[in-house]
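Residue numbering restarts at 1 for every chain, and letters A, B, ... go by the order of the sequence lines.
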There are 2 protein chains.
Amino acid sequence: MENMEDKKTILIVDDEKPIVDILVYNLEKEGYNTLEANDGITAVDIALDRRPDLILLDIMLPKMDGLTVCKKIRTSLNVPILMLTAKDEEIDKILGLELGADDYITKPFSVRELMARIKANLRKSEIKENSNLDTTEEIKNKKITVGPLELDLDKFEAKVDGQAMDLTLREFEVLKFLASQAGQVITREVLLEKVWGYEYYGDIRTVDVTVRRIRGKIEKDTANPKILITKRGVGYYIKAN
Amino acid sequence: MENMEDKKTILIVDDEKPIVDILVYNLEKEGYNTLEANDGITAVDIALDRRPDLILLDIMLPKMDGLTVCKKIRTSLNVPILMLTAKDEEIDKILGLELGADDYITKPFSVRELMARIKANLRKSEIKENSNLDTTEEIKNKKITVGPLELDLDKFEAKVDGQAMDLTLREFEVLKFLASQAGQVITREVLLEKVWGYEYYGDIRTVDVTVRRIRGKIEKDTANPKILITKRGVGYYIKAN
DNA sequence: TATTTTTGTAATAAATTTGTAAAAAAACTT
DNA sequence: AAGTTTTTTTACAAATTTATTACAAAAATA
């Protein structure tokens, strides 16, 4: 349906085929997409080209070692990198240079632990992206007010004439997007792209239904909307006061 | 609000340029200010002059070794010092010399691990400062009150409508974090990071279960919570009155 | 060390949200 | 006015998210 839970993509960089296979098998079982690279140069190429959500990177690699790969990727991408190091002895060899990685795990590792680490690292990078949810920022208490409509972006709450309405997340986001450019007519296409996301390929009428649901909550008379208005043949807009 | 978000400043003392670069990159990404020193003497100068909130100190340094730097700084500053050591053997030196480093970490280390240590040490020094204040001043008996909910942060006790509830530590901390920003929806990710900690690898649904347990204690009807509310698709929040 | 308590995990049930399709209504066109 | 297009409305099914429960592991306490 919707929220394709846009499957996260993980790039596996390792030259040992059996290990890659195990990783691919387990990651896909967990619902991730996977990409593979068998040497360092390919790894950098794929990383830059495909922009994976996380990279599993072995240190010992042909053509370009993992540390260099790590640094190269780091200069242009902010993706979490999880280093795979072979044995404790090898760590000493590489001594001190391993820093660019977000996390590392030594071989042999349990699949279970690796999955846990991957999840944790993905979570972390998500938090950073959605920094409007991150309470460490002091961007708190953001509000959008248009006429009788007031959106509290922290509480995900909408008020009409001071009265709080209980909107779902999807409804709230549509309303927020419209309200952020009140007065401006927004096409369904744009709404789909901005709220539902780029890779959404559902019916465009979905927007209508969502608008209907929002109206049912914020308008006194849904047949005569005063806040969220239809511009026939174009789209919808919030009436600026 | 307590989260003044005055950025913490971290002094990095290391003579290996690439390592410093990676550290700077990652620390700033995490929202810290950074200062750099490439040798021991400069390190002491900068430390005394700029008063950083934490110092990352490599042991092997030109001009004045890390151990001496540490002692020098310690004589006049109470800043947390996190030592970076190359090999395991050197740890003995640090511990043996008892020169007042707060923590040490051996190379190679993951960014994740380093950040966790830095955060932990900053927290500790903050607690120390606060508890100083608390005993010298009379600011004790800190409380958070939101509607019918009252949290006594000294006693780790929660009251609902005046009646004391017996919460476990974990439960209390979740409730405290939520209550400290009542009305604001907090994601599970943020809760995991703030309450469980930076290096926690567990399942995100753990939050749900903990919330369930809290509800079982503070809500009259867990199926219709009035205090700790779910914002579906986002997270949880404490209803501000 | 034994016992109790807390905490995390996993599996299942329940609740809610969301998308789709189809029919009805409204707004334009000719 | 009849036909066409677009939007609104409704109902339903599917998908997703959350709640609940039981159990096991870990931690704290006696």
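In this view, A:Asp21 and A:Lys17 satisfy the salt bridge (Lys or Arg N to Asp or Glu O under 4.0 Å) rule, not counting sequence neighbours. Residues that satisfy the side chain to side chain contact (heavy atoms under 4.5 Å, CB included) test with A:Tyr25, not counting sequence neighbours, are A:Lys29. When the side chain to side chain contact (heavy atoms under 4.5 Å, CB included) test is applied to A:Asn33, the partners found at least two apart in sequence or on another chain are A:Lys7, A:Thr9. In this structure, A:Asp49 has no side chain to side chain contact (heavy atoms under 4.5 Å, CB included) partners at least two apart in sequence or on a different chain. Residues that satisfy the side chain to side chain contact (heavy atoms under 4.5 Å, CB included) test with B:Glu157, not counting sequence neighbours, are B:Asp152, B:Lys155, B:Lys159, B:Ala164.
In this structure, A:Asp166 and B:Lys231 have side chains that are in contact, with non-hydrogen atoms separated by less than 4.5 Å. Inter-residue side-chain proximity for A:Val79 and A:Arg51 is flagged as unmet; no heavy-atom pair is nearer than 4.5 Å.
Side-chain contact of A:Glu28 with A:Thr34: a donor-acceptor pair under 3.5 Å is present, judged by distance alone. For the 3.5 Å distance criterion, the side chains of A:Arg215 and A:Thr230 qualify, holding a donor opposite an acceptor.
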If you restrict it to nitrogen or oxygen atoms, what contacts under 3.5 Å exist between nucleotides 25-30 of chain D and the protein, and what is each distance?
none

Report, one pair per line, the protein and nucleotides 6-10 of chain C atoms (nitrogen or oxygen only) whose separation is under 3.5 Å.
| unit_1 | atom_1 | unit_2 | atom_2 | d |
| --- | --- | --- | --- | --- |
| C:dT7 | OP1 | B:Arg170 | N | 3.2 |
| C:dT7 | OP2 | B:Thr168 | OG1 | 2.1 |
| C:dG8 | OP1 | B:Arg170 | NH1 | 2.5 |
| C:dG8 | OP1 | B:Trp196 | NE1 | 2.8 |
| C:dG8 | OP2 | B:Arg170 | NH1 | 3.4 |
| C:dG8 | OP2 | B:Trp196 | NE1 | 3.2 |
| C:dG8 | N7 | B:Arg213 | NH1 | 3.1 |
| C:dG8 | N7 | B:Arg213 | NH2 | 3.4 |
| C:dG8 | O6 | B:Arg213 | NH2 | 2.4 |
| C:dT9 | OP2 | B:Tyr200 | OH | 3.2 |
| C:dT9 | OP2 | B:Asp203 | N | 3.1 |
| C:dT9 | OP2 | B:Thr206 | OG1 | 2.9 |
| C:dA10 | OP1 | A:Arg112 | NH1 | 2.9 |

Pairs under 3.5 angstrom, nitrogen or oxygen only, protein versus nucleotides 27-30 of chain C, please.
| unit_1 | atom_1 | unit_2 | atom_2 | d |
| --- | --- | --- | --- | --- |
| C:dA27 | O4' | A:Arg232 | NH2 | 3.4 |

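Atom CZ of A:Arg215 and atom P of D:dT9 are 7 Å apart (whole Å). In this structure, CG of A:Leu192 is placed 13 Å from C1' of C:dT18, rounded to the nearest angstrom. Put simply, CG on A:Asp208 is 16 Å from P on C:dA22, counting in whole angstrom units. The CG-P distance, from A:Asp221 to C:dA25, rounds to 16 Å in whole Å. Spacing between atom CD of B:Glu189 and atom P of D:dT17 amounts to 11 Å, rounded to whole angstrom units. The distance from atom CG of A:Leu228 to atom C1' of D:dT7 is 13 Å, rounded to the nearest whole Å. In this entry the distance linking NZ of B:Lys231 with C1' of C:dT17 reads 11 Å, nearest Å.
Remark: A:Arg212 is not in phosphate contact with D:dT7, judged by side-chain N or O atoms under 4.0 Å from OP1 or OP2. Side-chain nitrogen and oxygen atoms of A:Thr222 include none within less than 4.0 Å of the OP1 or OP2 phosphate oxygen of D:dT8. OP1 or OP2 of D:dT6 has not a single side-chain nitrogen or oxygen of A:Tyr236 nearer than 4.0 Å. The shortest distance between the side-chain N/O atoms of B:Thr230 and the OP1/OP2 oxygens of D:dT17 is not below 4.0 Å.
Residue pairs meeting the ring-ring contact (aromatic ring centres under 6.0 Å, His included) criterion with at least one member in residues 159-193 of chain A, sequence neighbours excluded: A:Phe156-A:Phe172.
The number of heavy-atom neighbours closer than 6.0 Å to NZ of A:Lys217, taken from other residues, nucleotides and ligands shown, is above 12.
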Which donor-acceptor pairs under 3.5 Å do the side chains of residues 221-228 of chain A make with protein atoms, sequence neighbours left out?
| unit_1 | atom_1 | unit_2 | atom_2 | d |
| --- | --- | --- | --- | --- |
| A:Asp221 | OD1 | A:Ala223 | N | 3.0 |

Please list every donor-acceptor pair under 3.5 Å in which a side-chain atom of residues 181-194 of chain A meets a protein atom from a residue at least two apart or in another chain.
| unit_1 | atom_1 | unit_2 | atom_2 | d |
| --- | --- | --- | --- | --- |
| A:Thr187 | OG1 | A:Val190 | N | 3.1 |
| A:Arg188 | NE | A:Asp208 | OD1 | 2.7 |
| A:Arg188 | NH2 | A:Asp208 | OD2 | 3.4 |
| A:Arg188 | NH2 | A:Tyr236 | OH | 3.2 |

**Prompt:** What do the steps show when you test A:Val13 against A:Leu11 for side-chain contact (heavy atoms from CB on, under 4.5 Å), and what is the final call?
**Reply:** CA-CA 6 Å; A:Val13 188; A:Leu11 170 59; 3.8 Å; yes
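Within the 4.0 angstrom heavy-atom criterion, no nucleotide atom of any strand lies near A:Phe172.
Comparing the end axes of the helix from C:dT1-D:dA30 to C:dT30-D:dA1, each fitted to five base pairs by superposing C1' atoms of four pairs onto the next four, gives an inter-axis angle of 30° (nearest 10 degrees).
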